[in-house]
Amino acid sequence: MLTADPNGIAVPGLSPESPPDEASWIAAIEALLEREQPFLAYDLACRGERQYPRSLDLHLLQVQALLRGHSTGTALTLLPALAPELRATLPMASRARLAAVHRLIWEQAGQRTELEEARRLYRELYEAGRGAVDALAAAVLSQQLGDRETARQLAQAIAGDVDPLVRGHALLMLGDAAGATTAFSEASRGWGRDYRAAVAALKSVQALADSGIAVPETVMRLLQPPQVVIFGGQPLDSAETPEPLLPTTKLAALKQAIADQLETLDARIGYSSAACGADLLFIESLLERGGEAHVVLPCALPDFVEARVAYAGPEWVKRFDAALARAATVTYATRERYLGHTILLRYANAVTAGIGWLRANLLLTEPELLVAWDFRAANQPGSPSDFMDHWPDIARLHVIELDELAEAGEAAPLARPQLSMVVRPERLIRAMLFADVVGYSKLGEEYLPSFFKLLERVKALFDAAGHVPDLVEAWGDALYVVMPNARHLLTHAFRLREAFTQLDHRDFGLPVQLNVRIGLHAGPVFSFHHPVTGRTVFSGQQVNRAARIEPITMPGEVYGSQEFVALLTAEENAARHELQFLGKPYTPWYRAEYLGVVEMPKNHGRQPIYHLLPAAERPSVAVGLQARAAG
């Protein structure tokens, strides 16, 4: 069963009604974590805690989901403060979740105290009779602490366990490479789509290797993460296609070619659109091999079906409906009307690539791009060639050449794609910033000249970021900036934030320290010359969405929409691979921490929001604890 969340992400396995009890909430959240869907798990844990506000387990699952999604700073502020005597009375399941949380904090923030606390909890759980899995965790953490004797003792105690994953780790620590390889081989056959188990095993084995344990290459090959594939496909020819590119006579050969490529790549997870033709063949082929399909649509559902599916006939509409019903998630790059604007297809490609990369990073891998392409096809927005032009890594590009596929049977007559409305000019993809000065309302009239002197300094720092914006507007304490590039806009956002956090109000004769809230979004917008002012303006629903993010942003911080982060990720990966191609070093310069699906002001719905920070601002356990105490 597929239930669409208001943010456009569909969560399989959940009915529209709330789970009947706390245990059912916990089971649903843990199921999402097991499928490596920490963002959806966090959203569900928040919903569950609203129904059961005194549930420590639901709260710990929130923290665990944030940590699994690498939202470390946010997770630290939510970590509950529990007295030692209270911790000792917790049920076993709650203590196990707390141990997992401390272990994740150690892995992400590097605090030895968290490593020691996690080891202590796991040892207690094992000694209380919980089982070999807790002994294994305590053994690995002991090895990382340098307590090799304890690690060896625990490994010896579980080396004959029936669980091949436990046995494999223990035998590695005891130096039995052949036995460990046999055990991990047995474990890998039982994982199936349990990507959490595979990634957790890879992390723990890598931790052993980093602490001095010899790990054979055969074991590392067995622990390879699931392969993520991003797909770009040619739609079926229509009555207006100038020359045959993908006639129905090539569909059988294309289906086989896609299946062969998926087999070669060992594809487990796929991201694509769902137009008739290659896209739907990709989704069907991935599902047939037991894979996990994620669909990204560029516009409102009726318009997409009308423009990209229905012209091929009712059978393809049925296949489209079936594909969406079986998809793991369905994401709308935008829910606006199509209006004949092909730039929405290019935008959806960028969003598809971005969220595909984000998912692959969580799985400790990088995605592959597979395209079904004909060299004679026009390089149009959203086409396979457009996808290839924006793909950063040619070594991870795989092409099915449509002109080489064999034909069979007679071509079915297809109609002309229908558009109920075509609007010109076409929209543009733009990144947008809205900022608000915190503390401005406390200034009296006499301080306005001083405020504008401060803004002169702010502008100098803002301009130092380079890259001239398409538009900068200001009114009162508000700022609105539009740029064509998400990376450049984030650079400006960090400079703006830096200006307000570094400038001292006393240097300008102001009575209070000012701060700034910054919200970022990206999407398709109209560009006009305003008939009254003669200035360039950008308009559309995406501008309204961008404006709604700033009011929910914490002072001194930068928040961004999922669409902005997806576009940013696609751009950043292209820049990273370009530097690597030139032999130059790449240094990450930002982090994106997931905050959850947030309610927007003025009844503007709910949407996923990320916290964007400079990479140098590493999470600190001490800071997290201070923030929790202040809260």
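Note that these values count all heavy atoms, side chains included, but never hydrogens, waters or copies made by symmetry. Numbers here are sequence positions counted from 1.
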Inset, instruction - Quick one: closest heavy-atom pair of Tyr332 and Glu563, and the distance? - result: O-OE2, 4.2 Å
Legend entry - Gap between atom CD1 of Ile400 and atom CD of Gln256 - 0.5 Å precision: 10.5 Å
Inset, instruction - Before accepting this row, confirm whether a basic side-chain N of the pair Glu336/Arg427 lies closer than 4.0 Å to the acidic partner's carboxylate O. - result: no
Legend entry - Any Ser383 side-chain heavy atom under 4.5 Å of Asp386 side chain: yes
Legend entry - Leu262 side, atom CG; Leu286 side, atom CG - distance, nearest 0.5 Å: 6.0 Å
Inset, instruction - Using modelled atom types only, decide if a donor and an acceptor are shared between the side chain of Arg376 and the backbone of Pro244 within a distance under 3.5 Å. - result: yes
Inset, instruction - Examine the side chains of Ser420 and Arg337 and answer whether a donor and an acceptor come within less than 3.5 Å of each other. - result: yes
Legend entry - Note, Glu572 side chain near Thr569 side chain (heavy atom, < 4.5 Å): no
Legend entry - Any donor-acceptor pair under 3.5 Å from Gln418 side chain to Arg416 backbone: yes
Inset, instruction - Report yes if the side chains of Ser527 and Pro425 come closer than 4.5 Å at any heavy-atom pair, otherwise no. - result: no
Legend entry - Rounded distance (nearest 0.5 Å) linking atom CG of Leu612 with atom CG of Leu568: 6.5 Å
Legend entry - Passing option when Leu245 is tested against Leu236, Asp403, Asp237 for side-chain contact (heavy atoms from CB on, under 4.5 Å): Asp237
Inset, instruction - Could you tell me whether Phe526 and His341 have their ring centroids closer than 6.0 angstrom? - result: yes
Legend entry - Any donor-acceptor pair under 3.5 Å from Gln108 side chain to Leu67 backbone: yes
Legend entry - Side-chain donor or acceptor of Glu571 paired with backbone N/O of Arg487 under 3.5 Å: yes
Legend entry - Leu339 CG to Leu344 CG distance, which is reported to the nearest 0.5 Å: 8.0 Å
Inset, instruction - Would you check if there is a donor-acceptor pair between the side chains of Arg189 and Ser185 at a distance under 3.5 Å? - result: yes
Inset, instruction - Search all heavy atoms of Val295 against all heavy atoms of Ala274 and return the closest pair with its distance. - result: CG1-CB, 3.9 Å
Legend entry - Shortest non-hydrogen contact between Phe231 and Ala278, atoms and distance: CE2-O, 3.4 Å
Inset, instruction - Kindly give the heavy-atom pair with the smallest separation between Gly409 and Thr249, and that separation in Å. - result: O-CG2, 3.3 Å
Inset, instruction - In sequence, state the C-alpha distance, the side-chain angles, and the governing distance for Arg396 and Leu369, and then conclude on side-chain contact (heavy atoms from CB on, under 4.5 Å). - result: CA-CA 6 Å; Arg396 293 182 175 272; Leu369 175 64; over 6 Å; no
Legend entry - Greater than 12 external heavy atoms within 6.0 Å of Glu578's CD: no
Inset, instruction - Indicate yes or no: at least one non-hydrogen side-chain atom of Phe184 is less than 4.5 angstrom from one of Pro216. - result: no
Legend entry - Interatomic spacing from OG in Ser204 to CG in Leu223 - rounded to 0.5 Å: 8.0 Å
Legend entry - Electrostatic pair Glu366:Arg576 at N-O distance under 4.0 angstrom: yes
Legend entry - Parallel, tilted or perpendicular: ring planes of Trp357 versus His577, cut at 30 and 60 degrees: tilted
Inset, instruction - Measure from the side-chain N and O atoms of Thr248 to the backbone N and O of Ala412, and report whether any donor-acceptor pair falls under 3.5 Å. - result: yes
Inset, instruction - Using modelled atom types only, decide if a donor and an acceptor are shared between the side chain of Tyr347 and the backbone of Ala522 within a distance under 3.5 Å. - result: yes
Inset, instruction - Taking the side chain as every heavy atom from C-beta outward, state whether His294 and Thr331 have any atom pair closer than 4.5 Å. - result: no
Inset, instruction - State, with a plain yes or no, whether a side-chain heavy atom of Phe387 is found less than 4.5 Å away from one of Ile230. - result: yes
Legend entry - Backbone of Leu33 reached by a side-chain donor or acceptor of Arg68 within 3.5 Å: yes
Legend entry - More than 12 heavy atoms of other groups within 6.0 Å of Glu410 CD: no
Legend entry - Side-chain donor/acceptor of Glu426 to backbone N/O of Ile343, under 3.5 Å: yes
Inset, instruction - Using distance alone, with no hydrogens and no angle criterion, decide if Thr342 and Gln380 have a side-chain donor and acceptor under 3.5 Å apart. - result: no
Inset, instruction - Indicate yes or no: at least one non-hydrogen side-chain atom of Pro367 is less than 4.5 angstrom from one of Trp391. - result: yes
Legend entry - Distance, nearest 0.5 Å, that separates CD of Gln227 from CG of Asp266: 8.0 Å
Inset, instruction - Using modelled atom types only, decide if a donor and an acceptor are shared between the side chain of Arg289 and the backbone of Ala267 within a distance under 3.5 Å. - result: yes
Inset, instruction - Taking all non-hydrogen atoms of both residues into account, name the closest pair between Ile283 and Ala293 and its distance. - result: CG2-CB, 4.1 Å
Inset, instruction - Identify the heavy atoms of Ser561 and Gln607 that sit nearest to each other, and give their distance. - result: CB-OE1, 3.6 Å
Inset, instruction - Test Glu284 against Lys255 for side-chain contact (heavy atoms from CB on, under 4.5 Å), laying out the working first. - result: CA-CA 9 Å; Glu284 292 169 354; Lys255 179 73 177 289; 4.1 Å; yes
Inset, instruction - Kindly check if the number of other-residue, nucleotide or ligand heavy atoms within 6.0 Å of OH (Tyr586) is above 12? - result: yes
Inset, instruction - Apply the test side-chain contact (heavy atoms from CB on, under 4.5 Å) to residues Tyr590 and Val565: give CA-CA distance (whole Å), side-chain angles for both, the deciding distance (0.1 Å), then the verdict. - result: CA-CA 11 Å; Tyr590 74 88; Val565 174; 5.9 Å; no
Inset, instruction - Just do the salt bridge (Lys or Arg N to Asp or Glu O under 4.0 Å) check on Asp279 and Arg319 with the steps written out, would you? - result: CA-CA 11 Å; Asp279 287 350; Arg319 294 172 75 167; over 6 Å; no
Inset, instruction - Verify side-chain contact (heavy atoms from CB on, under 4.5 Å) between Leu297 and Leu324, making sure each step is shown before the conclusion. - result: CA-CA 10 Å; Leu297 299 180; Leu324 262 63; 4.3 Å; yes
Legend entry - Min side-chain heavy-atom separation Met432-Phe538 under 4.5 Å: no
Inset, instruction - Return yes if some donor-acceptor pair links the side-chain N/O of Thr264 with the main-chain N/O of Asp260 below 3.5 Å, else return no. - result: yes
Legend entry - Neighbour count above 12 (heavy atom, 6.0 Å) for Leu582 CG: yes
Legend entry - Over 12 non-hydrogen atoms of neighbours within 6.0 angstrom of NZ in Lys318: no
